[in-house]
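Have a look at the structure below, then the notes.
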Protein chains: 2
Amino acid sequence: MLGMFCVRVFSGLMGFRATPRVRSLHSFPGITVAQIDEEVAKLLQLKAQIGGDDGKHQFVLKTAKGTRDYNPKQMAIREKVFSTIIGCFKRHGAETIDTPVFELKETLTGKYGEDSKLIYDLKDQGGELLSLRYDLTVPFARYLAMNKITNIKRYHIAKVYRRDNPAMTRGRYREFYQCDFDIAGQYDAMIPDAECLKIVHEILSGLDLGDFRIKVNDRRILDGMFAVCGVPDDKFRTICSTVDKLDKMPWEDVRKEMVNEKGLSEEAADQIGEYVSLQGGMDLAERLLQDQKMSQSKQACAGLSDIKLLFSYLQLFQATDKVVFDLSLARGLDYYTGIIYEAVLTQAGVATVSTEAQNGAEESVSVGSVAGGGRYDGLVGMFDPKGRKVPCVGVSIGIERIFSIMEQKAEAAAEKVRTTEVQVMVASAQKNLLEERLQLVSELWNAGIKAEVMYKKNPKLLSQLQHCEESGIPLVAILGEQELKDGVVKLRVVASREEVDISRAALIDEIRRRTSC
Amino acid sequence: MLGMFCVRVFSGLMGFRATPRVRSLHSFPGITVAQIDEEVAKLLQLKAQIGGDDGKHQFVLKTAKGTRDYNPKQMAIREKVFSTIIGCFKRHGAETIDTPVFELKETLTGKYGEDSKLIYDLKDQGGELLSLRYDLTVPFARYLAMNKITNIKRYHIAKVYRRDNPAMTRGRYREFYQCDFDIAGQYDAMIPDAECLKIVHEILSGLDLGDFRIKVNDRRILDGMFAVCGVPDDKFRTICSTVDKLDKMPWEDVRKEMVNEKGLSEEAADQIGEYVSLQGGMDLAERLLQDQKMSQSKQACAGLSDIKLLFSYLQLFQATDKVVFDLSLARGLDYYTGIIYEAVLTQAGVATVSTEAQNGAEESVSVGSVAGGGRYDGLVGMFDPKGRKVPCVGVSIGIERIFSIMEQKAEAAAEKVRTTEVQVMVASAQKNLLEERLQLVSELWNAGIKAEVMYKKNPKLLSQLQHCEESGIPLVAILGEQELKDGVVKLRVVASREEVDISRAALIDEIRRRTSC
């Protein structure tokens, strides 16, 4: 059907207008439907260019839903954020790896629970079935198992893909960056875990996003709590998901969901309600270890002891000021086995910046998490043919919200964000000096100076100077006939308009001196 | 059918073993086929972990065909290459942008000719039809048209995707990096074009890959040549594709293809043969402008004059030593409209490194192009609703071959490639000093020192020192009871084994002094 239609359109258009593009089609002897589609698209495009009909076949000029371009200003901010994050990861001695943007579909299967429906699959074009990566943790675990690596400290910064509804989520994209830091290996309890929290502390402080909190909890404490509250074993996971909603819903609604939808007894729900309202520090962990009910669960006790140990290490790291032991923290992903954590920005001003209200109505919820992670000791074993486990703990920094806050801040401050690093513009004061300009700019490039020249034979001096003002270039090296005769260059400071003649021989050093700050 | 099968497997396994994972399935009320698939995969995985049957359902632990991971050593080399390339792009005043990894399918349609079959499509999961980007040029043109940008100098470094047969191509991957630099805008002839060639010259010199050549030609010269040699208009493109094979096939075979397959007259083929054997510099362009036949083509003359102008600018840039005007250079892509170029590495030793012979047999062909580009004045207009053109010229550096050469070089030199930048390891000489180590390493981190500590309560001094040797950490800060009492740290230089006591107050400065090189 489609093939027939295409052929008709194709031959119909053939006699339309004999441009070289159309004529070149004659040379295809055995044309396929795909080729015809391709050619039809070309012809329609050509048609739109030639005369433009009803515009029906014109391109939709847009990026795919939930994705966006980064313009040079946004890239400048992005690079600043990355440099803070990478600086921190390197300070902590991490190596870096990279993995492909897609994985075999089966590599991702069975790792994300109900969220699996959000995975992007590639079309079956013959060969393997592939999916775009959903996070960087599963590819990391696959990498470890595949290369039989049992210990590594690595970071990985790359885009991941989720077919979420971008209109429903606040500030969330379908293509977004994750900045992951993970420590794999059999080590003594809580030492690598504490370092991950220290890293979150350093990065969020370094990015200067206002105040923040890092909530911590432990899967074993949650499971122990469910057990002692009388949650049936087979409801642990689903009740855990409901607890996870506490940052978006009041307790009353969470309780209703537990009782009415999940079929939990009212007593059990109320007992959970008491626990999940608790927040504190090491003292809370100590108190719960003495708690009559909680202390009955071995699992919970193991988790609580580790929380105590974690806080003692965080004291040494001077990081306890931002860390809260919060029994309501649950986190969605299946693969966590121990400590879990999540960082949220708490500054009110910041929250309104990044929460895009769904229907234009103001929302007063917190900005949501900008980092999260935890311990996942079983994931690598899922890939190992013999199920050999490699204990792992890691953290993922979510960059998109941080970007939008930084962007907003830059705009609010009316900051001039430079998008190039050009130190000097090679300009001319008179006509017919193109060759001299090209020669000089080339000398500067060869000396490692960042330099520009306008791509015109005879640009006006004013427009050359204007370009410097606009793009923040600090210096102009001006050539004129007199300067050439004297063997000098007029060096102009854009900000002060001060001008000074510098000999050609001294120019490079002078530019270096003036731009090394 | 599939649905039925899944349900059977599913219920069959349900009674198998009552682990928490299996039991939790009860909680799904209205299960879908996709969910069942997911659960089946989990169960089979669990089964493999529990007992392992015939291994039939075990994962294939691999990356997708034609893709690869980068390990930390490869990443260290990759970052070095990127830093040279980005350094050059920034030196020339380029901004940077980023675009999504996938585009609307129609954005890519009609841009790549016969190569369109190599585009990766995403599965139709409802919503837009998407494809992975095939290069960075088409997304750039889409970006310019969408944002109505008429002049910009930008670079873009990102991965692109081609469903090529990776076994058939030498050193080519299905996922690979392109490093693109483009200048868009209405400027005077050949000035931006010359800068692109200067950039290739700087980058290939800077990467120290041995000798190289940059071949240049012009689409208008090729078209003019075809016209004066008597090639019918409708065969221009297909004959151009055949000429493009001259770097892989001897002239005799190319001639045969022209005559036998493409139906060109023997006389026309022979005339082309004479022209495409020509190589030279500005002199050749001058000679061809006088050539009786060639001078009959207005197009060819325009191209030849521009080649002359280009060489005059390249002389000012001191870049003519590597540039050859080569009439056999054709390049495959449809969108070029003027100057085209391609850089090849010519050093024999290098060639054998990167050419992977298909059947293990030695190949003596050149290493193939590591950079290419040209002028494409019509591409942006294809996206603009009114067909407004934005002239563009650009270059794309192909990184994969450069990587493999650099990797090979690093191995051959038995160079120790460091994969971290750690300056100092905080170690202990005795037991029970974990807290003191954590406190000190935290102080160093807070001071911006790159530092590590072993994640063990009581690591042996020897294993701490061995780790430094292995990963190239230059300094060790050793804590012992005596040092703590004396308020000092023993600073050990790993290379010389020299040790010196430094007061705690002076430690940070001392580490900075010793590692600032």
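Note that the coordinates shown come from a computational prediction; the quantities given were computed from them, not determined experimentally. Proteins come first, then strands; the chains are lettered A, B, ... in the order of their sequence lines, and each starts at number 1.
Heavy atoms of R154(B) lying under 4.5 Å from chain A are absent altogether. Contacts between I239(A) and chain B at a heavy-atom distance below 4.5 Å are absent for every atom of the residue. Only the backbone of Q186(A) comes within less than 4.5 Å of a heavy atom in chain B; its side chain stays farther off.
Between chain A and the options D121(B), N71(B), L104(B), heavy-atom pairs under 4.5 Å are most frequent for D121(B). With chain B as the partner, the residue from S442(A), G87(A), G263(A), S471(A) showing the most heavy-atom pairs under 4.5 Å is S442(A). For chain B, the option among D69(A), T67(A), T96(A) with the highest count of heavy-atom pairs below 4.5 Å is D69(A). The candidate from S312(B), P100(B), A76(B), G93(B) with the greatest count of non-hydrogen atom pairs under 4.5 Å with chain A is P100(B). For the set D124(A), L130(A), L132(A), D188(A), the entry with the most heavy-atom pairs within less than 4.5 Å of chain B is D188(A). Interface summary for chain A: among V441(B), V422(B), T419(B), the most heavy-atom pairs under 4.5 angstrom belong to T419(B). Between chain A and the residues Y161(B), Y187(B), Y313(B), the largest count of heavy-atom pairs under 4.5 Å involves Y187(B). Counting heavy-atom pairs closer than 4.5 Å to chain B, the top residue among I152(A), I473(A), N147(A), I183(A) is I183(A). Heavy-atom pairs under 4.5 Å with chain B were tallied for T99(A), V101(A), L434(A); the largest tally goes to V101(A). Of the residues considered (R174(B), Q423(B), R142(B), R418(B)), R142(B) shows the highest number of contacts with chain A, using heavy-atom pairs under 4.5 Å. The candidate from M425(A), E175(A), Q439(A) with the greatest count of non-hydrogen atom pairs under 4.5 Å with chain B is E175(A). Of the listed residues K153(B), E202(B), Q74(B), the one with more heavy-atom pairs under 4.5 angstrom with chain A than any other is K153(B).
Taken from NZ in K123(A) to NZ in K123(B), the straight-line distance is 12.0 Å, to the nearest 0.5 Å. The line from CZ of F102(B) to CG of L122(A) is 10.0 Å long, rounded to the nearest 0.5 Å. Atoms CD and OG1, from E103(B) and T63(A) in turn, are 7.5 Å apart once rounded to the nearest 0.5 Å. For the atom pair F317(B) CZ and N446(A) CG, the distance stands at 10.0 Å (nearest 0.5 Å).
Heavy-atom neighbours of K73(B) NZ from other residues, nucleotides or ligands within 6.0 Å: at or below the threshold of 12. No more than 12 heavy atoms of other residues, nucleotides or ligands sit less than 6.0 Å from atom NZ of K457(A).
Between K90(B) and E421(A), at least one side-chain nitrogen of the basic residue sits less than 4.0 Å from a carboxylate oxygen of the acidic one, meeting the salt-bridge criterion.
Remark: the backbone N or O of K65(B) is paired with a side-chain donor or acceptor of E128(A) at under 3.5 angstrom.
For K117(B), the side-chain contact (heavy atoms from CB on, under 4.5 Å) test picks out no residue, with sequence neighbours left out. A search for side-chain hydrogen bond (donor to acceptor under 3.5 Å, both in side chains) contacts involving D98(A) returns H156(A), R78(B), K159(B), not counting sequence neighbours.
With a 4.5 Å cut-off on side-chain heavy atoms, Q315(A) and L438(B) do not count as touching. Side chains of R437(A) and L316(B) form no contact here, defined as non-hydrogen atoms less than 4.5 Å apart.
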